[in-house]
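Note sheet for the following structure.
Below, read A as the first sequence line, B as the second, and so on, with proteins coming before strands; counting in each chain starts at 1.
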2 protein chains.
Amino acid sequence: MRLITPPVGLTALADTDLVGQVARILTQAIINGQLLPGAKVVEAGIARELGISRAPVREAARLLEQQGLLVSHPRRGFFVRKLEATDIDEIYDLRICVECHAGVLASKNMTPANRDMLRRQIDVMHETAAIDDHARQIEEDYKFHRMICEIAGSKRLLRLFDDLASELRMTIGLIGRLYDDPHRIAQTHEALLEVLEQGHPDIITARIDYHIGAAWREVGKLVRELPSSTNGVAT
Amino acid sequence: MRLITPPVGLTALADTDLVGQVARILTQAIINGQLLPGAKVVEAGIARELGISRAPVREAARLLEQQGLLVSHPRRGFFVRKLEATDIDEIYDLRICVECHAGVLASKNMTPANRDMLRRQIDVMHETAAIDDHARQIEEDYKFHRMICEIAGSKRLLRLFDDLASELRMTIGLIGRLYDDPHRIAQTHEALLEVLEQGHPDIITARIDYHIGAAWREVGKLVRELPSSTNGVAT
DNA sequence: CAAGATTAAACTGTCGACAATCGACGATTA
DNA sequence: TAATCGTCGATTGTCGACAGTTTAATCTTG
């Protein structure tokens with residue numbers, strides 16, 4: 001009599017994981033603008049507010065530090081990262097490098113299922129374009145790009161994208177408006193999908209390079225227009 | 001009477017930073033093979049051994065987790081990461097992607113000072129080739145590649161390289177021997193430097209792609225030869 | 001009144017403790 | 001005999017506390 005386990009999939013009972021939750025809450029607070037760039041993140045304050053002790057907060061903060069959302073000054077605490085123009089440039093430069101590669105890999109792994117997934121995401125982007133929620137719009141945009149990294153099939157590649165995206169999310173609060181018509185953005189992704197199906201590495205690379213480069217130029221322009229408190233974390 | 005701090009000196013004003021020290025110690029232990037892949041890292045044990053409390057150890061472990069050296073199973077603790085063949089592939093694939101990009105950027109920032117720095121490093125590699133210390137040899141190799149990322153001038157690019165390198169260091173213990181003659185490896189880097197000075201993006205990319213690809217193929221072969229305990233962390 | 005010195009408050013880094021949970025081992029039962 | 005259940009030790013997750021340092025506020029003094 002074998003019959004080892006009731007084969008049915010039980011709903012992955014979730015995270016009692018405190019630090020994970022705290023990390024998510026802090027991340028949200030940063031994206032929402034409740035924690036502004038340069039602001040001090042007081043461990044005891046967060047802990048009290050959440051009704052927990054400082055230990056999980058510290059660990060969560062360390063996570064966000066590694067992720068680039070916070071910076072830590074020894075003996076002084078954690079602060080919300082201030083993205084300078086040069087940071088934006090670095091991030092977009094890396095994005096291009098990484099996503100071009102992801103695109104080429106993804107095109108090799110392209111299956112009907114994958115194609116449909118991407119297609120559906122473009123539909124979602126069009127739907128989102130109707131309502132006026134630019135944060136949501138950006139999020140759906142990221143989701144499409146993330147799918148490409150998923151299809152590429154490299155966990156590290158995907159994590160790298162997630163890290164870059166989470167840094168870029170910090171700019172959502174700063175930039176009040178979208179830099180282009182939502183529908184036009186969605187259309188751009190259709191073209192991108194076509195190229196991916198085509199499967200020509202050079203063309204894919206060129207296309208993604210241009211695609212992200214365009215966003216880079218627009219965001220860069222907006223960021224440079226901001227008062228952009230020079231820097232602030234220096235001594 | 002002013003005179004607050006004698007401004008001179010600054011011996012690497014480092015670390016009263018416990019978690020940084022712990023992280024380095026653990027990293028070393030993993031590279032040296034004192035902590036074998038799959039081994040459990042008991043917080044209390046490490047803490048007792050170092051004469052400190054568990055808190056800094058935990059935070060250090062979380063750091064190494066984010067860096068990919070440890071994996072954490074909730075409620076079960078931290079374990080030394082087991083690199084599968086697929087992990088090696090992912091890392092080298094990313095290395096190629098990242099370092100090709102770094103090479104192109106670096107070639108644009110190439111100055112006489114930078115050129116000399118790289119040249120000197122190649123000399124060091126030749127010197128190291130004389131003595132028989134393959135760990136040291138690999139380390140000097142990494143140093144050269146790291147310099148390229150430094151010259152590229154992107155902090156994130158550099159950190160990315162450091163993360164990948166630190167994961168790859170885990171394989172040093174596994175692979176007992178070098179996969180090529182040390183002097184030949186050094187020579188390969190001379191050719192690489194030449195191409196960098198030349199400054200042709202396509203050629204740089206092709207060259208670095210081949211250079212790292214060669215290492216990939218060799219390391220991959222060696223790893224696949226190992227008994228390579230299938231996996232082990234799964235349930 | 002301003003600049004520096006001094007004191008007070010707040011915060012971080014680290015520690016030791018305790019309950020909850022996990023894995024192993026042995027008892028139990030068909 | 002083989003598989004399941006219950007118990008026990010070991011380990012993690014979280015907490016509250018304390019000392020040393022940083023920041024803010026207050027006071028001194030030219």
Hits for ring-ring contact (aromatic ring centres under 6.0 Å, His included) against His145(B), two or more places apart or cross-chain, chain-then-number order -> His189(B), His211(B)
Contacts of Lys155(A) meeting side chain to side chain contact (heavy atoms under 4.5 Å, CB included) (sequence neighbours excluded), chain-then-number -> Glu90(B)
Residues passing the side chain to side chain contact (heavy atoms under 4.5 Å, CB included) test with Asn109(A), sequence neighbours excluded, are Ile151(A)
With sequence neighbours left out, the residues meeting salt bridge (Lys or Arg N to Asp or Glu O under 4.0 Å) with Arg119(B) are Asp123(B)
Does [X] have any side-chain hydrogen bond (donor to acceptor under 3.5 Å, both in side chains) partners at least two apart in sequence or in another chain, and if so, which?
{"X": "Gln28(A)", "value": "Asn32(A)"}
{"X": "Glu43(B)", "value": "Arg54(B), Arg58(B)"}
{"X": "Arg136(B)", "value": "Glu140(B)"}
{"X": "Arg81(A)", "value": "Asp87(A)"}

From CZ of Arg62(B) across to C1' of dT12(D) the rounded distance in Å is 11 Å
Nucleotide N/O to protein N/O under 3.5 Å, stretch nucleotides 8-11 of chain C:
unit_1: dC11(C); atom_1: O3'; unit_2: Lys40(A); atom_2: NZ; d: 3.4

Stems with DNA chain C, 3 or more Watson-Crick or G-U pairs in a row (under 3.5 Å), are C:1-30 with D:1-30
Pairs under 3.5 angstrom only: tabulate donor-acceptor contacts from the side chains of residues 62-70 of chain B to other protein residues two or more places apart or in another chain.
unit_1: Arg62(B); atom_1: NH1; unit_2: Glu59(A); atom_2: OE1; d: 2.0
unit_1: Glu65(B); atom_1: OE2; unit_2: Ser72(B); atom_2: OG; d: 3.4
unit_1: Gln66(B); atom_1: OE1; unit_2: Arg159(A); atom_2: NH1; d: 3.3

Report task. Compute whether any side-chain donor of one residue and acceptor of the other, for Thr111(B) and Asn114(B), lie under 3.5 angstrom apart. Result -> yes
Below 3.5 Å is the cut-off: list the nitrogen or oxygen pairs between protein and nucleotides 14-18 of chain C, distance only.
unit_1: dT14(C); atom_1: OP1; unit_2: Leu18(B); atom_2: N; d: 3.4
unit_1: dC15(C); atom_1: OP2; unit_2: Ser53(B); atom_2: N; d: 2.7
unit_1: dC15(C); atom_1: OP2; unit_2: Ser53(B); atom_2: OG; d: 3.0

